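Only a predicted model underlies this, so the values are computations on that prediction, with no experimental measurement involved. Per chain, numbering begins at 1; letters A, B, ... match sequence-line order.
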2 protein chains.
Amino acid sequence: MSSEYDLTKEVTDKYSLRGRVFNKIRDDILNGVYKEHDELKEIKIGKELGVSRTPVREALRQLELEGLVQIIPNRGAFVTGIQENDVHDIYMIRALLEGLCARWATERIKPEQLEAMEENIYLAEYHAAKGHMDQMAELDSQFHHILYDACSSKMLEHLLIDYHQYVLRIRKKTLSTVERSTACNKEHRGIMEAIRAGKADLAERLAGEHMRSAYENMVRNGLYDIYKSDRKDS
Amino acid sequence: MSSEYDLTKEVTDKYSLRGRVFNKIRDDILNGVYKEHDELKEIKIGKELGVSRTPVREALRQLELEGLVQIIPNRGAFVTGIQENDVHDIYMIRALLEGLCARWATERIKPEQLEAMEENIYLAEYHAAKGHMDQMAELDSQFHHILYDACSSKMLEHLLIDYHQYVLRIRKKTLSTVERSTACNKEHRGIMEAIRAGKADLAERLAGEHMRSAYENMVRNGLYDIYKSDRKDS
DNA sequence: ACGTGTATAATTGTATACATCAAAAACAAT
DNA sequence: ATTGTTTTTGATGTATACAATTATACACGT
């Protein structure tokens, strides 16, 4: 069972109103429901979700810290969103950090975690072969979360989980093609083998390349036109 | 004038209660006033600061997102703090990211920013020579913020400012020695020269080394014993 | 003595009320 | 018609009130 690698960020999210509101708004921003510079009014959102202002406010304050929302005192909360160039930056940042994560994981991974990775890749290859594309994003997420866990760095894990979330929507699209999915699985396997063999340098390099190739695939296929609509050159 | 590079993270911090409460608790955690596993009760903190629970709650929710506080639903908020190994991780992460920042800054820096860096280093060298150690942390912060600004990446800037803050207390201690201060200034100058010369690879490498040498200096001088007290091996 | 169960207190979660601020509208003056 | 001022409106900032949950204390039974 790999239910251990639950992808929910905080346990609180499921059980508190604030957590649900936070996730809802966050998803709506990442999924383009709210666009750049949209104003997020506490009362309106509260009504829509059937809650009072309080949990909405708390959620907005958190989103401010994540950089998805800008709060101007006494004015309101405005969507910051993710720009086209932000996606580029995120992938370049991730290339470095996933590399570091793979390096540390090589030195610190536990047998169960390696086991879990093995199982994950096996499953992913199976579903890719069968064309079950809807499963791929989930499995990809899981693979990376196992890696984040295995690096045994609270700091790095926290960071990578955040950045992983940011590009959630785009990842779903990217992985919906068979080509990218199979390539992705191959790269995952490569990283795992390097970790298993204790080759930290190789693992780091492969993890970095994994990010770059994901990004290049995205650009090549014009898969992030979705962000272009609400672009502003300021 | 370099007042442009104001180090406050958000404008809201100064003017809203929540912002002040947030900064206060944050500083208290980073400065060791609250220790690992301390419980942060909304009413108590509110009373201490002379405010109601609302701003305190919002601040705690934000700190949760920063990872400095863990919130257990219906139970309370507990200090997570920064462990000894977290400091290590932060510096290794920063080594990569400051490197990337320097690289991008090399390609995108504006003349005014280069000017500001020049001025900053000049001032820092002056104060270091005069033994004005109290100024060093501030100037160091300023240098890095100029760099963050110059890389023209909202994402990377946001991230680096966060991590820079995390190690604020320890940086103050480290820079209080003349040796480290002068070495630090030399490294800053090196980075600036590389950027000015358009040597991105060199700038990246130097910025990374700057972090590693800062960390090694810290370890060598046992300067982060302060974190050891509340350590737990879990 | 020990564990269990209930009552009480304390704390958090949420909703609402009031205060404050800022943009928008209405109006006056030029 | 345009500008400047006042009024109004609507939103946020903060405080408080109530509900739900959890921790504590104590009595009871074994």
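- In this model, the phosphate group of C:dG13 is approached by a side-chain N or O of B:Arg57 to a distance below 4.0 Å at OP1 or OP2.
- Heavy-atom contacts from other residues, nucleotides or ligands closer than 6.0 Å to CD of A:Glu107 number more than 12.
- No more than 12 heavy-atom neighbours from other residues, nucleotides or ligands sit within 6.0 angstrom of CD on A:Glu115.
- Heavy-atom distances to DNA chain C give each of B:Glu42 and B:Thr54 a nearest nucleotide, and the one nearer the 5′ end belongs to B:Glu42.
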Please list each protein N or O that sits under 3.5 Å from an N or O in nucleotides 6-8 of chain D, with the distance.
none

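- Atom CG of B:Leu49 is separated from atom C1' of D:dG13 by 16 Å (rounded to the nearest Å).
- Atoms NZ and CG, from A:Lys110 and A:Asp149 in turn, are 6.5 Å apart once rounded to the nearest 0.5 Å.
- Note that CD of A:Glu58 and CD of B:Glu64 are 10.0 Å apart. Values are rounded to the nearest 0.5 Å.
- Across the protein-nucleic acid pair, B:Ile71 atom CD1 and C:dT12 atom C1' stand 10 Å apart, rounded to whole Å.
- Between the P atom of D:dT9 and the NZ atom of A:Lys41 lies a distance of 16 Å, rounded to the nearest Å.
- The NZ-P distance, from A:Lys47 to D:dA11, rounds to 9 Å in whole Å.
- When the P atom of C:dA19 is taken as reference, atom CG of B:Leu17 falls 16 Å away, rounded to whole Å.
- Applying the 4.0 Å criterion to OP1 and OP2 of C:dA17, one finds that A:Arg53 has every side-chain N and O outside that range.
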Identify all pairs in which a protein N or O lies below 3.5 Å from an N or O of nucleotides 21-24 of chain C, and state each distance.
residue, atom, partner, partner atom, Å
C:dA23, OP1, A:Arg75, NE, 3.1
C:dA23, OP1, A:Arg75, NH1, 2.7

Starting from the C-alpha separation in whole Å, work towards a yes-or-no answer on side chain to side chain donor-acceptor pair (under 3.5 Å) for A:Asp140 and A:His188. CA-CA 9 Å; A:Asp140 177 71; A:His188 283 185; 3.2 Å; yes

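- With rounding to whole Å, B:Phe22 atom CZ is found 15 Å from D:dT14 atom P.
- For the pair A:Arg94 and A:Tyr91, the cation-pi criterion (under 6.0 Å, within 45° of the ring axis) is fulfilled.
- Between B:Ser52 and D:dA15 there is a side-chain N or O to OP1 or OP2 distance below 4.0 Å.
- Atom P of nucleotide D:dT12 and atom CG of A:Leu40 are separated by 9 Å, given to the nearest angstrom.
- For the atom pair B:Ile90 CD1 and B:Tyr215 OH, the distance stands at 10.5 Å (nearest 0.5 Å).
- Straight-line distance from the CZ atom of A:Arg18 to the P atom of D:dA19: 22 Å, rounded to whole Å.
- At least one side-chain nitrogen or oxygen of B:Arg61 sits closer than 4.0 Å to the OP1 or OP2 atom of C:dG13.
- Taking CD of A:Gln62 as the reference point, atom CZ of B:Arg61 lies at 7.5 Å (rounded to 0.5 Å).
- Judged purely by atom type and a 3.5 angstrom limit, B:His145 uses its side chain to pair as donor or acceptor with the backbone of B:Ser141.
- The side chain of B:Ile43 sits closest to C:dT12 out of D:dT12, D:dA15, C:dT12.
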